[in-house]
Protein chains: 2
Amino acid sequence: MQLVKIYECLCDLTRLRLLNVLAQGPLCVCHFQEILRAPQVKISKHLAYLRARGLVVYERSGNWMVYDLPPKPTRDLRANLACLQDCARENPVFQRDLARLIKLAPKFADSSPCGCHSAGVAHSK
Amino acid sequence: MQLVKIYECLCDLTRLRLLNVLAQGPLCVCHFQEILRAPQVKISKHLAYLRARGLVVYERSGNWMVYDLPPKPTRDLRANLACLQDCARENPVFQRDLARLIKLAPKFADSSPCGCHSAGVAHSK
DNA sequence: TGACCATATTCCTGCTTAGGCATACAGGTA
DNA sequence: TACCTGTATGCCTAAGCAGGAATATGGTCA
């Protein structure tokens, strides 16, 4: 059942943080590293996990892999991502990630050939 | 983090079904067995799992253990249970469980000293 | 008291996972 | 071509979990 797959993705804190940050717009692996302050392997593996279950999509841009939420999520996924964001709003861990994203956004914008967030942050979906 | 614990509970189909049925009102183990058509050990273990993480509460009534959703759920739990019900509404597995619950309700009502559902089904929370 | 009932727990096995380290790969650049 | 950089993958270990079989527990009833 697809719903169970979604919850399997959501039952790890790192993945929750990835998804929460992604809700603000596409991002590449090295930026995730800075925002979550987590090693590359960890980020990359969790993204692979999410990818395999259809919770994220990605696109190569030179050396960079730019990840994003799926353009046409299922009803269940949409509902659960909305619920996650709702819960995350009150939670210090997620707040801190978003704060870092905002602080780093300008830096990302001009240092990143990958183009993620080059148009500025917070184009909420 | 409490949110992760919630998702850990939700990433198993049996537990999702238990919670979905529970949303209709308290129920004892043997009734879960009939509705889910699953062996006693399985039901009992998953209820223990949910209990340990605060997703359900229970009360002894003679030989029967009557389980229910917590009377004062956290914001996160409330949000996620609502989301689950929303997703479940469209899903045949959950629909079937609820159909069985409704069909069995009268039987439960008079054959159950445990009193669960003796006042009729569907007192939605 | 002893038998019985509903439920919980223990022990086992197989499977999945997180995390880290080392390494592989793919694209860009010189 | 060779090298650099960003990212992915393979291997390993420790931990957690689902499921089933057998057994234990605690309440009830005669």
Side-chain angles (χ1 to χ4, degrees), chain A residues 1 4-18 22 26-53 55-68 104 107-108 111-118, chain B residues 1 4-18 22 26-53 55-68 104 107-108 111-118:
Chain A
M1 162 161 343
V4 175
K5 292 272 170 251
I6 293 176
Y7 286 128
E8 283 171 355
C9 288
L10 298 180
C11 70
D12 176 276
L13 181 54
T14 303
R15 290 195 290 266
L16 288 183
R17 293 172 69 195
L18 291 174
L22 263 189
L27 217 54
C28 65
V29 178
C30 56
H31 295 165
F32 280 122
Q33 284 179 244
E34 289 198 67
I35 292 170
L36 302 203
R37 300 201 205 278
Q40 181 260 324
V41 196
K42 188 167 172 176
I43 301 284
S44 190
K45 275 192 186 172
H46 281 297
L47 285 170
Y49 188 104
L50 293 171
R51 222 168 53 209
R53 285 156 183 82
L55 282 253
V56 300
V57 296
Y58 71 109
E59 198 174 57
R60 180 178 281 278
S61 165
N63 272 339
W64 289 263
M65 301 294 267
V66 183
Y67 282 83
D68 201 355
L104 293 170
K107 176 180 158 201
F108 292 169
S111 77
S112 298
C114 68
C116 58
H117 273 286
S118 57
Chain B
M1 160 159 345
V4 175
K5 292 269 169 254
I6 292 176
Y7 286 127
E8 283 172 355
C9 288
L10 299 182
C11 70
D12 177 276
L13 181 54
T14 304
R15 289 196 290 266
L16 288 183
R17 294 171 68 194
L18 290 173
L22 262 188
L27 216 55
C28 65
V29 179
C30 55
H31 294 166
F32 280 121
Q33 286 180 242
E34 289 197 69
I35 292 170
L36 301 203
R37 301 202 204 277
Q40 182 260 327
V41 197
K42 187 166 172 175
I43 301 286
S44 191
K45 273 192 187 171
H46 282 295
L47 285 170
Y49 188 105
L50 293 171
R51 222 169 52 209
R53 284 154 183 83
L55 283 252
V56 301
V57 296
Y58 71 110
E59 198 174 56
R60 180 178 280 278
S61 165
N63 273 339
W64 289 263
M65 302 293 266
V66 183
Y67 282 83
D68 201 355
L104 292 170
K107 176 181 160 199
F108 292 169
S111 76
S112 298
C114 67
C116 57
H117 275 285
S118 58

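In the text below, chain A, chain B and the rest are named by the order of the sequence lines, each starting its count at 1. Values below: all heavy atoms of this structure, side chains included; hydrogens, waters and symmetry mates excluded.
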Over how many whole Å does the gap from [X] atom [atom1] to [N] atom [atom2] extend?
X       : N      : atom1 : atom2 : value
B:Met65 : D:dT28 : CE    : P     : 12 Å
A:Tyr49 : D:dA8  : OH    : C1'   : 18 Å
B:Lys45 : D:dT25 : NZ    : P     : 17 Å
A:Tyr58 : D:dA8  : OH    : P     : 8 Å
A:Glu34 : D:dG6  : CD    : C1'   : 13 Å
B:Leu27 : C:dA6  : CG    : C1'   : 14 Å
B:Leu10 : D:dA18 : CG    : P     : 12 Å
B:Leu18 : D:dA18 : CG    : C1'   : 14 Å

Do [X] and [Y] come close enough that some side-chain heavy atom pair is under 4.5 Å?
X       : Y       : value
B:Leu18 : B:Val56 : no
B:Tyr49 : B:Asp12 : no
B:Leu50 : B:Tyr67 : no
A:Leu10 : B:Leu10 : no

Output the single nucleotide from [options] whose closest atom is nearest the side chain of [X].
X       : options                : answer
A:Cys28 : D:dT7, D:dT9, D:dG26   : D:dT7
B:Asn63 : C:dA26, D:dG27, D:dT7  : D:dG27
A:Arg51 : D:dA8, C:dT17, D:dA18  : D:dA8
A:Lys42 : D:dT9, D:dG19, C:dG19  : C:dG19
B:Gln40 : C:dA8, D:dG27, D:dG20  : C:dA8
A:Trp64 : D:dG6, C:dA18, D:dT9   : D:dG6
A:Arg53 : C:dA6, C:dG19, C:dT17  : C:dT17
A:Val29 : D:dA8, D:dC17, D:dA22  : D:dA8
A:Arg60 : D:dG27, C:dG20, C:dA26 : C:dA26

- prompt: A:Ile43 and A:Val29: which non-hydrogen atoms are nearest, and at how many Å?
  reply: CG2-CG1, 3.9 Å
message: Just to be sure I understand the rule, does A:Tyr67 reach a base, reach only the sugar-phosphate, or reach nothing, if contact means heavy atoms closer than 4.0 Å?
response: sugar-phosphate
- request: Please check if atom CD in B:Glu59 has more than 12 non-hydrogen atoms from other residues, nucleotides or ligands closer than 6.0 Å.
  value: no
Using only side-chain N and O atoms of [X], determine if any of them is under 4.0 Å from OP1 or OP2 of [N].
X       : N      : value
B:Ser44 : C:dA8  : yes
B:His46 : D:dC17 : no
B:His31 : C:dA6  : no

message: Reading DNA chain D from 5' onward, which residue's closest nucleotide shows up sooner: B:Glu8 or A:Gln33?
response: A:Gln33
- prompt: In terms of the nearest nucleotide of DNA chain C, which residue is placed more toward the 5' end: A:Asp12 or A:Gly62?
  reply: A:Asp12
